[in-house]
Amino acid sequence: MHSADRNEGTTRRVPQWPRAMNLNSLYTAPILAWYEANARDLPWRAPDATPWGVLVSEIMLQQTPVSRVLPVWDAWMARWPTPAALAAEPSGEAVRAWGRLGYPRRALRLHESARAITERHGGEVPSSHADLLALPGIGAYTAAAVASFAFRQRHAVLDTNVRRVLARLVSGVEYPPKSQTRAEVELAESLLPPDPPTAARWAVAAMELGALVCTARTPRCVDCPVLDKCAWHAAGRPAHDGPPRRGQTYAGTDRQCRGRILAVLRDAEGPVEKPALDVVWSDAVQRERALDALIADGLVDPLDDGRYALPH
DNA sequence: CAAGCGTGGCT
DNA sequence: TAGCCAAGCTT
């Protein structure tokens, strides 16, 4: 059993034929058609969604399921319909509105981004990949996603869904490598339709296929529009070989402790006394370490009077 | 570059 | 049930 397309090295297959003739239309046409019929009706995909709404959704969706993002996104956009509206508030309000989405540093960075957009970009979300990438909390994926979804530009939008789809469809393996490779980026770029609006459509369609059909655990291959072209399916859907892919325990970690401390501050109307934080975690050493880290991260503000609050 | 960073639903 | 997993980023 040889993996035909493992590469990772120097031998990179460069398409010798014109872009419009290469693999891409083979995969893109059926997936685009599938998307037209099966796309979820998400508010940040609505025709009247703003670039700011798209940006907010992308940050919230980092490592977080759509179902949990929806209500928070709705409330967020109602309260802060523009970057300037959010920028005018203390960062602690962003952290509070973030609720239980998790990874609350995202809220802080989104607030920082709102201020940067207001100050450096006249209040308009920038459209260039480079300008987006320069904003805090925005990496390669999110910059490409916003440029593509909000501004209909042509970018390889390579998230966990797309990486998995391409791993199966083209490479014939169940899961992509643990960390993104150059080869994956080149593959994704080679599949991009030439026309920017179509490329943008393809980007969201490939993601949606990964989210709804080509899922990590139990793929619904019977519903797949490119099953007949899928290398993984053709190979008999071989199981992932190699070391287990993850393993993040949560109970008892600093993360859980941080979460409990921050929850107290989110749910409080104003500053709280130290004992109110102490009761949420019995191990004092770990608790103090977590609190110090929260302060260092800017998520908690230690007041002069000894109380604690969400940041300004 | 591997590790750290929340939370909850699903199997 | 206890992992596995979810539109990643930063250091």
Side-chain angles (χ1 to χ4, degrees), chain A residues 39-40 42-45 49 53-73 95 98-110 112-113 132-150 155-165 174-182 188 200 203-212 214-220 239-240 243-266 280-281 286 289-290 293-294 296-300:
Chain A
R40 288 170 292 180
L42 301 173
W44 45 85
R45 290 179 184 164
V54 173
L55 172 55
V56 171
S57 78
E58 287 303 328
I59 302 294
M60 289 184 174
L61 287 163
Q62 289 170 2
Q63 304 285 283
T64 308
V66 166
S67 61
R68 288 174 49 211
V69 166
L70 280 168
V72 182
W73 185 90
V95 174
W98 199 253
R100 305 191 65 79
L101 282 185
Y103 294 144
R105 292 191 291 201
R106 291 182 293 168
L108 224 43
R109 294 185 178 133
L110 183 52
E112 290 173 38
S113 280
L132 288 163
L133 195 56
L135 296 172
I138 297 190
Y141 160 75
T142 304
V146 173
S148 178
F149 304 158
H155 293 278
V157 181
L158 206 48
D159 79 323
T160 186
N161 288 304
V162 177
R163 293 184 64 215
R164 187 176 56 249
V165 168
E174 185 176 22
Y175 297 122
K178 295 181 79 77
S179 52
Q180 184 178 296
T181 64
R182 180 72 204 184
V204 70
M207 282 180 62
E208 191 77 336
L209 186 68
L212 299 184
C214 195
T215 54
R217 220 97 55 98
T218 312
R220 308 183 40 161
H240 171 75
R245 307 190 311 138
R246 271 191 199 180
Q248 59 170 220
T249 54
Y250 182 60
T253 60
D254 285 13
R255 271 152 112 157
Q256 185 182 31
C257 183
R258 288 166 56 109
R260 293 227 186 129
I261 291 171
L262 204 58
V264 172
L265 295 173
R266 270 200 318 263
V280 302
W281 201 261
Q286 189 176 20
R289 183 173 66 231
L294 285 167
D297 285 349
L299 285 163
V300 172

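Fair warning: this is a prediction, and the values are worked out from it, not measured in the lab.
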*So what does Arg45(A) touch, heavy atoms closer than 4.0 Å: a base, only the sugar-phosphate, or nothing?*
base
*Separation of Arg255(A) atom CZ from dG8(C) atom C1', in whole Å?*
12 Å
*Taking only Lys NZ, Arg NE, NH1 and NH2, and the carboxylate oxygens of Asp or Glu, determine whether Arg106(A) and Glu58(A) approach each other closer than 4.0 Å.*
no
*List for me each residue that meets salt bridge (charged side-chain N to carboxylate O under 4.0 Å, His left out) alongside Arg258(A), sequence neighbours excluded, and say none if there are none.*
Asp297(A)
*May I have the distance from Gln256(A) (atom CD) to dC5(B) (atom P), rounded to whole angstrom?*
12 Å
*dG6(B) base / Thr64(A) side chain donor-acceptor hit below 3.5 Å*: yes
*What is the nucleic acid contact for Trp44(A), judged by heavy atoms within less than 4.0 Å: base, sugar-phosphate only, or nothing?*
base
*Between dG6(B), dT7(B), dA7(C), which nucleotide gets closest to the side-chain atoms of Arg258(A)?*
dG6(B)
*Which nucleotide sits closest to the side chain of Arg40(A): dC5(C), dA7(C), dG6(B)?*
dA7(C)
*Has Arg100(A) got a side-chain N or O lying under 4.0 Å from the OP1 or OP2 atom of dG8(B)?*
yes
_Rounded distance in Å - CE (Met60(A)) to P (dA7(C))_ = 17 Å
*Compare the minimum distances between each of dG9(B), dT7(B), dC5(B) and the side chain of Arg217(A), then state the nucleotide with the smallest one.*
dG9(B)
_dG6(B) to dT11(C) separation - P atoms, rounded to the nearest Å_ = 14 Å
*Does Ile59(A) reach the side chain of Thr142(A), with side-chain heavy atoms less than 4.5 Å apart?*
yes
_Does dT7(B) have OP1 or OP2 under 4.0 Å away from a side-chain N or O of Tyr103(A)?_
no
*asked:* Rounded to whole Å, please give me the gap between OH in Tyr175(A) and C1' in dC4(C).
replied: 9 Å
*When we call it a touch if two heavy atoms are under 4.0 Å apart, what does Ala216(A) touch: a base, just sugar-phosphate, or nothing?*
sugar-phosphate
*Write down the distance separating the P atoms in dC4(C) and dA3(B), rounded off to the nearest Å.*
16 Å
Show me the protein contacts with nucleotides 9-11 of chain C, counting only N or O atoms at under 3.5 Å.
{"from": "dC9(C)", "atom 1": "OP1", "to": "Gly139(A)", "atom 2": "N", "distance (Å)": "2.8"}
{"from": "dC9(C)", "atom 1": "OP1", "to": "Gly139(A)", "atom 2": "O", "distance (Å)": "3.4"}
{"from": "dC9(C)", "atom 1": "OP1", "to": "Thr142(A)", "atom 2": "N", "distance (Å)": "3.0"}
{"from": "dC9(C)", "atom 1": "OP1", "to": "Thr142(A)", "atom 2": "OG1", "distance (Å)": "2.8"}
{"from": "dT10(C)", "atom 1": "OP1", "to": "Gly137(A)", "atom 2": "N", "distance (Å)": "2.8"}

*Residues in ring-ring contact (aromatic ring centres under 6.0 Å, His included) with Trp281(A), at least two apart?*
none
_Pairwise side-chain contact, Tyr141(A) with Thr160(A), heavy-atom cut-off 4.5 Å (strictly under)_ = no
_Distance between P atoms of dC10(B) and dA7(C) (Å, rounded)_ = 15 Å
*At under 4.0 Å, does any side-chain N or O of Gln63(A) touch on OP1 or OP2 of dA6(C)?*
no
*asked:* By the 4.0 Å heavy-atom rule, please label Leu42(A) as base, sugar-phosphate, or nothing.
replied: base
*For DNA chain B, whose closest nucleotide is more 5', that of Ser67(A) or that of Gly102(A)?*
Gly102(A)
*Starting from P on dG6(B), measure out to CG on Asp254(A) and report it in whole angstrom.*
10 Å
*Any side-chain heavy atom of Arg163(A) within less than 4.5 Å of one from Tyr175(A)?*
no
*Atom-pair distance (CD on Gln180(A); P on dA2(B)), nearest Å*: 14 Å
*Round to a whole Å and report the spacing from CG of Leu262(A) to P of dG6(B).*
8 Å
*asked:* Is it the case that atom CZ in Arg220(A) sees more than 12 heavy atoms from other parts of the structure closer than 6.0 Å?
replied: no
*asked:* In the structure I gave you, are the side-chain heavy atoms of Val66(A) and Arg40(A) within less than 4.5 Å of one another anywhere?
replied: yes
*Can you tell me how far C1' of dA7(C) sits from CZ of Arg106(A), to the nearest Å?*
10 Å
